There are 2 protein chains.
Amino acid sequence: MDKQTITIYDVAREAGVSMATVSRVVNGNPNVKPTTRKKVLEVIDRLDYRPNAVARGLASKKTTTVGVIIPDVTNLYFSSLARGIDDIATMYKYNIILANSDKNEEKEVQVLNTLLAKQVDGVIFMGNKITDELRAEFSRSRTPVVLAGTVDPDEQVGSVNIDYEKATEEATTMLIDNGHKKVAFISESHEEPINGVYRLNGYKHALEKAAFPYEEELVLQSEYTYKVGEAVYEQLNKAGATAAVVADDELALGVLNAALDRGVNVPEDFEIVTSNNSKLTAMSRPRLTTVEQPLYDIGAVAMRLLTKLMNKEEIEEKTITLPYTIGKKGTTK
Amino acid sequence: MDKQTITIYDVAREAGVSMATVSRVVNGNPNVKPTTRKKVLEVIDRLDYRPNAVARGLASKKTTTVGVIIPDVTNLYFSSLARGIDDIATMYKYNIILANSDKNEEKEVQVLNTLLAKQVDGVIFMGNKITDELRAEFSRSRTPVVLAGTVDPDEQVGSVNIDYEKATEEATTMLIDNGHKKVAFISESHEEPINGVYRLNGYKHALEKAAFPYEEELVLQSEYTYKVGEAVYEQLNKAGATAAVVADDELALGVLNAALDRGVNVPEDFEIVTSNNSKLTAMSRPRLTTVEQPLYDIGAVAMRLLTKLMNKEEIEEKTITLPYTIGKKGTTK
DNA sequence: CTGTTAGCGCTTTCAG
DNA sequence: CTGAAAGCGCTAACAG
């Protein structure tokens with residue numbers, strides 16, 4: 001009953017070879033005579049032997065697992081990236097240890113440490129702010145790190161993203177070109193470079209080109225949830241905004257529905273451009289106009305980059321910028 | 001530069017104690033004199049020592065990681081469960097290896113095997129069909145398994161869910177009570193017991209109670225994606241349905257929008273009840289009436305059950321049924 | 001309260 | 001092409 005674990009040693013004995021040979025056939029080492037290989041394979045099959053990955057990890061110092069730090073799996077932006085990451089990881093025979101960080105800086109550091117303790121071969125980090133402490137941990141270990149959908153002005157680790165600044169500028173300009181004088185910009189904390197530096201700069205550039213003044217009431221910092229949409233819309237309304245560039249789809253959808261619930265016509269009286277291209281954008285009525293980021297690809301390319309780093313291959317460029325477009329749907333004219 | 005890994009042995013030497021003692025303080029074993037503990041802790045801190053979880057796993061035969069098999073992280077139903085799983089796992093100091101299975105039976109078996117090879121202490125499985133092969137793998141290993149949001153008529157492993165049959169019956173009855181003569185039922189394959197047995201039975205019972213005939217054209221099997229909504233709505237329309245119970249939120253939203261796009265008034269001319277209570281249900285206009293499953297809790301309770309199983313605690317009941325309600329929102333009268 | 005001693009199951013030189 | 005042997009870094013009896 002208590003089926004005891006069978007080891008490489010059992011296989012060796014049963015097949016009349018040394019464990020080194022068994023190890024070789026298990027690992028596909030070509031230096032094994034076909035006859036021997038066949039015999040060993042037969043015993044492996046008969047005994048239903050399965051290599052213990054933990055022992056292998058200890059001996060080889062490779063675990064074939066990578067850590068993925070994600071703010072929240074329940075957010076479609078991040079889960080879409082995660083999907084791309086996992087698919088490529090699987091393709092390269094890696095497994096994923098997924099850890100939610102809640103965008104909590106303390107938890108991020110803690111999670112990173114347990115990931116490193118588990119000897120992951122690499123780490124993919126999502127989340128918009130790289131604190132100094134986190135950066136210190138990154139460089140302290142020799143474990144390669146890649147940021148996915150996350151910018152770090154201090155480009156020490158690999159990263160994959162789109163040009164957030166240009167995308168935001170384009171979105172804002174589009175709204176201005178549609179005749180709006182009061183275009184709002186809503187994102188999470190400006191302490192996150194992706195918002196406070198890149199996107200905000202894009203927004204400002206668009207204003208400058210149009211010779212519009214920068215008005216503080218039009219720039220909001222809000223968490224990315226659907227339910228704050230109401231409150232955010234009220235603020236926009238109060239500020240006199242007639243259009244908004246929103247950095248998150250759930251939030252954008254909340255704002256859209258708040259407007260609709262108040263009888264506002266979208267896009268006639270109010271226009272919205274969102275930023276993440278998650279499947280939510282296709283599910284609203286009208287559909288959300290969005291910056292079309294290649295979410296899956298960002299994850300996939302990040303994981304691909306990480307495999308190269310783990311493999312110590314030469315990398316041309318540690319920072320990869322993927323293309324985007326603006327997908328005009330129903331929330332803009 | 002090449003900061004070589006420092007081991008328990010280094011700490012022992014530096015602190016002038018044996019590695020056993022270091023191991024004890026690292027593991028919080030009380031049998032260490034405070035002075036010694038303090039000294040060791042100081043050295044650990046100075047050397048920045050981090051225990052190698054892989055070595056620990058090999059020696060202790062416990063990895064403090066559990067495998068989670070998920071059909072698709074990108075589906076809000078599953079990611080909500082995953083969120084509950086991860087939170088409780090973190091609370092109990094476990095990490096999660098997340099593996100997408102795409103509801104692909106072959107991949108499920110393969111993924112389960114690599115999870116077992118990695119010596120996970122337990123497995124949480126999501127996905128609606130437990131094939132015989134999978135069941136065989138489950139019982140072949142002594143690793144505890146818990147199903148989350150997944151029913152298995154053959155109750156060999158732990159599982160956490162709601163009473164799908166009763167919930168579906170209630171939803172259907174509600175629609176019948178609202179005056180509908182043609183209520184449709186849409187789910188994924190009936191080969192999955194959750195649909196073909198539980199939900200379908202609930203639907204049938206509701207019809208029986210109302211003395212309605214069972215009409216095949218009203219029972220559709222469809223994949224759970226938003227974009228098939230159009231086609232599904234067409235079929236419903238052709239079959240003369242005026243109301244539908246849908247087993248997935250994304251699909252329900254697709255159907256709802258297809259109806260709206262055709263100028264149909266919801267809920268006046270067409271009513272919809274969906275089943276998963278994901279956040280999507282609050283995001284549509286009108287909001288989707290849904291079976292209010294406690295998604296996060298299903299995941300959380302499943303993980304909690306698994307910790308007990310891994311801990312070899314006595315379990316009162318391996319199958320846990322959580323309560324649900326029907327949340328009447330905008331897609332029903 | 002602390003040290004010694006075996007392993008855990010596998011990879012990896014190094015010989016031959 | 002194959003085997004012997006030395007670990008990987010840690011836990012877990014067992015003494016003392």
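If you're wondering where the values come from, they're calculated on a predicted model, not measured in any experiment. The chains referred to below are lettered A, B, ... by the order of the sequence lines, with proteins before strands, and numbering in each begins at 1. The basis for the numbers below is simple: all heavy atoms, side chains too, and nothing from hydrogens, waters or symmetry mates.
Heavy-atom distances under 4.0 Å link DNA chain D to B:S23, B:R24, B:N27 of residues 23-31 of chain B, given in residue order.
Between the side chain of A:N29 and the backbone N or O of A:N31, at least one donor-acceptor pair lies under 3.5 Å. Looking at A:S60, its side chain does come within 3.5 Å of a backbone N or O of A:R56 through a donor-acceptor pair. Remark: the backbone N or O of A:V109 is paired with a side-chain donor or acceptor of A:N113 at under 3.5 angstrom. No side-chain donor-acceptor contact under 3.5 Å links A:D86 to the backbone of A:A82.
Mapped onto DNA chain C by nearest heavy atom, B:P34 and B:A55 fall at different nucleotides, with B:P34 at the one closer to the 5' end. Between B:S18 and A:A20, the residue anchored closer to the 5' end of DNA chain C is B:S18, taking for each the nucleotide with the nearest heavy atom.
With hydrogens and angles left out, the side-chain atoms of A:K118 and B:T64 include a donor and acceptor closer than 3.5 Å.
Within the 4.5 Å cutoff, the side chain of A:D121 has heavy atoms near those of the A:Y94 side chain.
Distance, B:R56 CZ to D:dT11 C1': 9 Å, rounded to whole Å. Between the CE atom of A:M19 and the P atom of D:dA4 there is a distance of 11 Å, given to the nearest Å. The interatomic distance linking A:I8 (CD1) with D:dG3 (C1') rounds to 13 Å, in whole Å. Note: CD (A:Q119) to C1' (D:dC10) measures 11 Å, nearest angstrom.
Nearest heavy atom pair, residue A:S101 against residue A:I69, reads CB-CG2, 3.8 Å. Here the closest heavy-atom approach between residue A:E137 and residue A:L112 is recorded as CB-CD2, 3.5 Å. Of all heavy-atom pairs between B:P193 and B:K129, the closest is CD-CD, 4.2 Å.
Under a 4.0 Å N-O distance rule, the pair B:R83/A:D102 qualifies as a salt bridge.
Dashed line: the shortest gap from a side-chain N or O of B:K61 to OP1 or OP2 of D:dA12 is not under 4.0 Å. Within the structure, a side-chain polar atom (N or O) of B:Y49 is placed less than 4.0 Å from OP1 or OP2 of D:dC10. Within the 4.0 Å cut-off from OP1 or OP2 of D:dC8, not a single side-chain nitrogen or oxygen of A:S60 is found.
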Go through B:E42 and B:R46 one step at a time and tell me if the salt bridge (Lys or Arg N to Asp or Glu O under 4.0 Å) criterion holds. CA-CA 6 Å; B:E42 185 272 318; B:R46 180 155 55 78; 3.2 Å; yes
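At the heavy-atom level, B:V17 lies under 4.0 Å from the strands shown only through sugar-phosphate atoms.
Heavy-atom contacts of chain B under 4.0 Å fall on DNA chain C between two terminal nucleotides, which in 5' to 3' order are C:dC1 to C:dG9.
When the local axes at the two ends of the helix from C:dC1-D:dG16 to C:dG16-D:dC1 are compared, using 5 base pairs at each end, they differ in direction by 30° after rounding to 10°.
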